[in-house]
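Report on the structure given below.
Below, read A as the first sequence line, B as the second, and so on, with proteins coming before strands; counting in each chain starts at 1.
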Number of protein chains: 2
Amino acid sequence: MSDKYAWAPIRTEPAYRVAAQALRTRIVTGEIAVGSVLPSETAMAEMLEVNRSTIREAIRLLEENGIVARKPGGKKLFVTIPTRADLSERMTTAMVLQEITLEELWATMIALEPAAAAAAAGNATDAHITALEANLKATEANIDNKESLLELDLEFHELIADACGNRALQLSREPIGSLFYPAFDAVFSRLNAGERLLVAHTRIVDALKARDRETAVEWMRKHIVDFRRGVELANLDMSRPAKGASH
Amino acid sequence: MSDKYAWAPIRTEPAYRVAAQALRTRIVTGEIAVGSVLPSETAMAEMLEVNRSTIREAIRLLEENGIVARKPGGKKLFVTIPTRADLSERMTTAMVLQEITLEELWATMIALEPAAAAAAAGNATDAHITALEANLKATEANIDNKESLLELDLEFHELIADACGNRALQLSREPIGSLFYPAFDAVFSRLNAGERLLVAHTRIVDALKARDRETAVEWMRKHIVDFRRGVELANLDMSRPAKGASH
DNA sequence: TGCATCTTTTTTGTCCGACAATCCGACATA
DNA sequence: TATGTCGGATTGTCGGACAAAAAAGATGCA
């Protein structure tokens, strides 16, 4: 009956949020350049004609967004670009709260990691290769040290992501990779996965060196599939949330 | 001279940040349940023995993180789970600021979208199929209306993502999809891509209905490759940043 | 001039107190 | 049951204050 009229609910945005938005637009449009320093709080408060407290709350919003920051131990407020780690952490906590399952994470990984390997085959520089080879050596040396192995495996995949030179890909896979940590841990501590892991990693690096895209992709795929088998052999439930990501 | 000793720089975290962290840990550990309502600002200020202004700044941090929020037009503060749109927007602005190229976005998309199609072939419910068919009908009806076509295409891919039931995948592809908007726009306004698009979409939905995973993946792949050709035919530079993603 | 040290001015982080708006629940009334 | 009224609780915003630390300026010296 009252559906006859469409009522737009009246609602006022708090000032701290419109202030934040005002600053944000000035930043993304480039009016305030990235890297430049913002005016003092009092100055901004005067410009926007609000109290300093209000401006401070607005700044907190942008700060958590990662688009403004202070250098450690400094007072000046700079315009910055959100860090990868920054975004990744946010994504990660969101995924933890949503109780995303290992199954979901894995399905995403098997899509992203081979793609990263493919791109890396095309874009990896000598520096990247060197870093990867160092990682291989370390893996070989710590083949029986479960803990180091865990770290090294994670590092390996991050190096591949770095080498692929695709920042969108990096941003997408990082939070997921970090969520695998506990699962990795379980697998490594129950299975002797070191050998298989090293073989796969080695093959991948070899393929990158030869710029052999197909092989790199294929071994990465195998590697991820292998991980899944490891998870199942370790009696982990793929359909359960992969929680507990508090470093 | 004083280099003889390694001085760990003394640095105090501002109170508003430790307060935020205190609340955050209580939330992610489950001590404060998701969906429950937090104490009033004054109450929290008393508990943590800080001023209300400080607590308010802490709340702004969590608020922007999306883990606390107020119901629209309400005063009570609830513990919430970050929305997809929420995270997506953050990611998007980050990508804009980093000036990520179309090339990078596309490479990520061609990894994610077929994966989404694959999962959708297994998990799509009748409701999902119905929504997709409605989208197809609308596309057919608006085959010449470039603007609607753009919206509908975006919607189609989001429906696929919904249907795949993989939240990790959804979280990963959403920000990237939204960044394609301007490129889509350019393609649609210069090329007559409607027919090809409709064919691909139809084939995909048919495959989903038949639970034919292979076909769904293959057509999705073709569809994305096709988009790339469209971009090139429209004379867009894949290696230029895809900026201008304001909502 | 360039550099190191001292001084002054800004600026931030934190506190206090205040007040209008308005949401929320209780209660009374028709 | 639905509506009108009231009072307490809370939020958003403001103003002012102050110590500590950083930034900017001034000074002296090589």
*Return the 5'-most residue of the pair A:R17, A:G74 with respect to DNA chain D, ranking by each residue's nearest nucleotide.*
A:R17

*asked:* Without decimals, in angstroms, what is the distance between A:F78 CZ and D:dA23 P?
replied: 8 Å

*asked:* In this structure, how many angstroms lie between the P atom of D:dT10 and the NZ atom of B:K71, rounded?
replied: 17 Å

_For B:E41, is there an ion pair with B:R70 - N to carboxylate O distance below 4.0 angstrom?_
yes

*asked:* Salt bridge or not between A:E57 and A:R60? Use side-chain N to carboxylate O under 4.0 Å.
replied: no

*Would you please name every residue forming a side-chain hydrogen bond (donor to acceptor under 3.5 Å, both in side chains) with A:S53, sequence neighbours left out?*
A:N51

*Classify the angle between the aromatic ring planes of A:F188 and A:F184 as parallel (below 30°), tilted (30 to 60°) or perpendicular (above 60°).*
parallel

*asked:* Between A:N142 (side chain only) and A:N145 (backbone N and O only), is there a donor and an acceptor less than 3.5 Å apart?
replied: no

_I want to verify a distance call: between D:dT13, C:dG13, D:dG12, whose nearest atom is closest to the B:P14 side chain?_
C:dG13

*asked:* As an exercise, state the distance from OG1 of B:T80 to CG of A:L97, rounded to the nearest 0.5 Å.
replied: 8.5 Å

*Could you tell me, to 10°, how much the axis swings from one end of the helix from C:dT1-D:dA30 to C:dA30-D:dT1 to the other, five pairs per end?*
30°

*Whole Å only: how far is the CD atom of A:E13 from the P atom of D:dG12?*
11 Å

*Separation of A:L77 atom CG from D:dA23 atom P, in whole Å?*
12 Å

_Under-4.0 Å salt bridge between A:E174 and A:R90_ = no

*What is the distance, rounded to the nearest whole Å, between atom CZ of B:R70 and atom C1' of C:dT22?*
13 Å

*Any Lys/Arg nitrogen of B:R17 or A:E63 sitting under 4.0 Å from an Asp/Glu carboxylate oxygen of the other?*
yes

*asked:* Between B:R167 and B:D162, does the salt bridge (Lys or Arg N to Asp or Glu O under 4.0 Å) criterion hold? Intermediate values first, please.
replied: CA-CA 8 Å; B:R167 291 160 296 171; B:D162 282 348; over 6 Å; no

*Counting side-chain heavy atoms from CB outward, which of C:dC16, C:dT12, D:dG12 is closest to B:S53?*
C:dC16

_Integer-rounded Å distance: D:dT13 P and B:K75 NZ_ = 11 Å

*Tell me: NZ of A:K76 to P of D:dA23, nearest whole Å?*
6 Å

*Where along residues 39-52 of chain A does a heavy atom fall under 4.0 Å from DNA chain C?*
A:S40, A:E41, A:R52

*What integer distance in Å separates B:I55:CD1 from C:dG13:C1'?*
15 Å

*Looking at every strand, decide which applies to A:R56 at a 4.0 Å heavy-atom threshold: base, sugar-phosphate, or nothing.*
base

